[in-house]
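Structure record follows, encoded as structure tokens.
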2 protein chains.
Amino acid sequence: MIQYNRDNMAELLRAHDINPTHQRIEIAYALFSRQEHLSADQVMTIVNDRHAETSKATVYNTLNLFLEKGLIREVIVDPSKVFYDPNTGPHHHLYEVDSGRLTDIMMDDIRIEGLPDLPAGMETVGIDLIVRVKHTT
Amino acid sequence: MIQYNRDNMAELLRAHDINPTHQRIEIAYALFSRQEHLSADQVMTIVNDRHAETSKATVYNTLNLFLEKGLIREVIVDPSKVFYDPNTGPHHHLYEVDSGRLTDIMMDDIRIEGLPDLPAGMETVGIDLIVRVKHTT
DNA sequence: CTAGGATTTGGACTATGTCTAACTCTCAGA
DNA sequence: TCTGAGAGTTAGACATAGTCCAAATCCTAG
Ligand SMILES: [Mn+2]
Ligand SMILES: [Mn+2]
Ligand SMILES: [Zn+2]
Ligand SMILES: [Zn+2]
């Protein structure tokens, strides 16, 4: 249970070869302190909660930079927006289609067996398992 | 190996409680004759290839109607567009992130084991497995 | 200090998808 | 054969996520 603060965010960014600026630290802190799946818009709202200081362009620039550098991952479950996930370890997702809530399924006990061999000349980038659920009426 | 034509498209639509109009038949035929995963935009292009006869609004109206009626399913793998899938049987997907190609993985041999129990009051809507691959450079 | 590269910014722009009000088609009834 | 009401289609306005750009600002090496 690490306590995340702005200082170790800067370290984390440097460890991923990212120059830690004010805006980048705030955005990383929004994601890592909550350990939640956030949309770009939610990140923007959180970061600008007290006084607006980070533009939309910077939020998107930064999230894409974090993705490139492998600091976060994206989760594509909703056609209308991408979720950003501070947990880059192997795990899967449970998506509540009615509420829009997205939570982790730890992968410890999940086995996916019988996947066919990949076509030649291809390599796996990732395997996403999404369990879509809804509330029983 | 069914040969799809516009006549059995009309039958298929009726069997799914959909009134078969010209536009709906063309859109269904685009998907079922190809057995491919198409975006709304691709459907629009195919259907209007010879002479434009179907509007964007109708393409979207129709695809959403087909979804509601369970005639097709949607596949969410790309943050920028939805793919529509004429195969509603249980199966999974292989997504080539560099080319955008989306193909089926038949589910016969795939087993997903160890999924935790659902939280109470929830029921599964679907389980999506997406294998993301890229071409080795 | 200062200059130059890195970063951030507002706002224009693109693209997917939705909505609406008008128009057209179909077909049952007269 | 005519008619009109409901179903379906349409153009184009609208909403929204995300990208792009040129100008402004920030940082830091010298
Ligand atoms: Mn990492
Ligand atoms: Mn069916
Ligand atoms: Zn996650
Ligand atoms: Zn498929």
Side-chain angles (χ1 to χ4, degrees), chain A residues 6 9-10 13-14 16-31 37-48 51-69 71-85 97 100 102, chain B residues 6 9-10 13-14 16-31 37-48 51-69 71-85 97 100 102:
Chain A
R6 282 156 181 91
M9 281 305 100
L13 295 182
R14 277 188 216 98
H16 282 263
D17 203 23
I18 297 166
N19 189 12
T21 64
H22 291 313
Q23 289 89 340
R24 289 170 180 173
I25 287 170
E26 288 305 312
I27 290 170
Y29 184 66
L31 282 161
H37 307 84
L38 301 177
S39 66
D41 194 62
Q42 289 175 304
V43 168
M44 176 102 179
T45 300
I46 291 168
V47 161
N48 287 333
H51 29 262
E53 52 187 1
T54 306
S55 70
K56 184 178 65 154
T58 296
V59 170
Y60 279 102
N61 286 346
T62 300
L63 291 170
N64 286 330
L65 177 67
F66 288 2
L67 278 180
E68 266 172 43
K69 298 293 189 177
L71 179 61
I72 63 177
R73 94 185 243 199
E74 62 184 341
V75 183
I76 300 166
V77 288
D78 181 311
S80 76
K81 59 182 169 306
V82 171
F83 286 99
Y84 296 90
D85 188 346
V97 296
L102 179 64
Chain B
R6 283 156 180 91
M9 282 303 102
L13 294 182
R14 277 188 216 97
H16 281 265
D17 203 22
I18 297 166
N19 190 10
T21 64
H22 292 314
Q23 290 88 340
R24 289 170 180 172
I25 288 170
E26 288 304 313
I27 291 169
Y29 185 66
L31 282 160
H37 306 84
L38 300 177
S39 65
D41 194 61
Q42 289 175 306
V43 168
M44 176 99 178
T45 300
I46 291 168
V47 162
N48 287 332
H51 28 263
E53 51 188 3
T54 306
S55 70
K56 182 177 65 150
T58 296
V59 170
Y60 279 101
N61 286 347
T62 300
L63 290 170
N64 286 330
L65 177 67
F66 288 1
L67 278 181
E68 267 171 45
K69 298 293 190 177
L71 179 60
I72 63 178
R73 94 186 242 200
E74 61 184 342
V75 183
I76 300 166
V77 288
D78 181 311
S80 76
K81 59 180 169 302
V82 171
F83 285 100
Y84 296 89
D85 189 345
V97 296
L102 180 64

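So that the names make sense, note that chain A is the first sequence line, chain B the second, and so on, each numbered from 1.
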Side chain of [X]: nearest nucleotide among [options]?
| X | options | result |
| --- | --- | --- |
| A:Asn61 | C:dT9, C:dC19, C:dG17 | C:dT9 |
| A:Thr21 | C:dT8, D:dG18, D:dT9 | C:dT8 |
| A:Lys81 | C:dT8, D:dA17, C:dG17 | D:dA17 |
| A:Thr58 | C:dT9, D:dG18, D:dT9 | C:dT9 |
| A:Arg24 | D:dA11, C:dT8, C:dG17 | C:dT8 |

- Message: With nearest nucleotide decided by heavy atoms, which residue, B:Pro79 or B:His22, maps closer to the 5′ end of DNA chain D?
- Response: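 The residue mapped nearer the 5' terminus is B:His22.
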- Message: Looking at A:Lys56 and C:dG10, is any side-chain donor or acceptor paired with a base atom of the opposite kind under 3.5 Å?
- Response: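 Result: no qualifying N/O pair found.
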To the nearest Å, how far apart are [X] [atom1] and [N] [atom2]?
| X | N | atom1 | atom2 | result |
| --- | --- | --- | --- | --- |
| A:Asp78 | D:dG18 | CG | C1' | 15 Å |
| B:Leu65 | C:dG17 | CG | P | 17 Å |
| A:Glu26 | C:dT7 | CD | P | 17 Å |
| A:Met44 | D:dT16 | CE | P | 15 Å |
| A:Leu63 | D:dT19 | CG | P | 10 Å |
| B:Gln42 | C:dG17 | CD | C1' | 16 Å |
| A:Leu38 | D:dG18 | CG | P | 13 Å |

- Query: Is there a donor-acceptor pair under 3.5 Å between the side chain of A:His37 and the backbone N or O of A:Asp85?
  - Reply: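 Absent.
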- Task: Give A:Thr54 one of three labels, base, sugar-phosphate or nothing, depending on what nucleic acid heavy atoms sit under 4.0 Å from its own.
- Result: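 Sugar-phosphate, no base atom in range.
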- NA contact type, B:Asn64, heavy-atom cut-off 4.0 Å: base, sugar-phosphate, or nothing?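 Sugar-phosphate contact only.
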Is there a side-chain contact between [X] and the phosphate of [N], meaning an N or O under 4.0 Å from OP1 or OP2?
| X | N | result |
| --- | --- | --- |
| B:Asn19 | D:dG6 | no |
| B:Gln23 | D:dT10 | yes |
| A:Ser80 | D:dA17 | no |
| A:Tyr60 | D:dT19 | no |

- Query: Closest heavy-atom contact between A:Tyr29 and A:Arg6?
  - Reply: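 Taking A:Tyr29 first and A:Arg6 second, the nearest heavy atoms are CE2-NH1, 3.3 Å.
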- Of A:Ile72, A:Leu63, A:Leu65, A:Leu38, the residue whose pairing with A:Ile27 passes side-chain contact (heavy atoms from CB on, under 4.5 Å):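 With A:Ile27 as partner, side-chain contact (heavy atoms from CB on, under 4.5 Å) holds for just one option, A:Leu63.
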- Query: Is there a side-chain contact between A:Glu26 and A:Glu53 (heavy atoms, below 4.5 Å)?
  - Reply: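 Side-chain contact under 4.5 Å: yes.
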- Item | Heavy-atom side-chain contact between B:Leu13 and B:Ile25 under 4.5 Å |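 Sidechains of B:Ile25 and B:Leu13: in contact.
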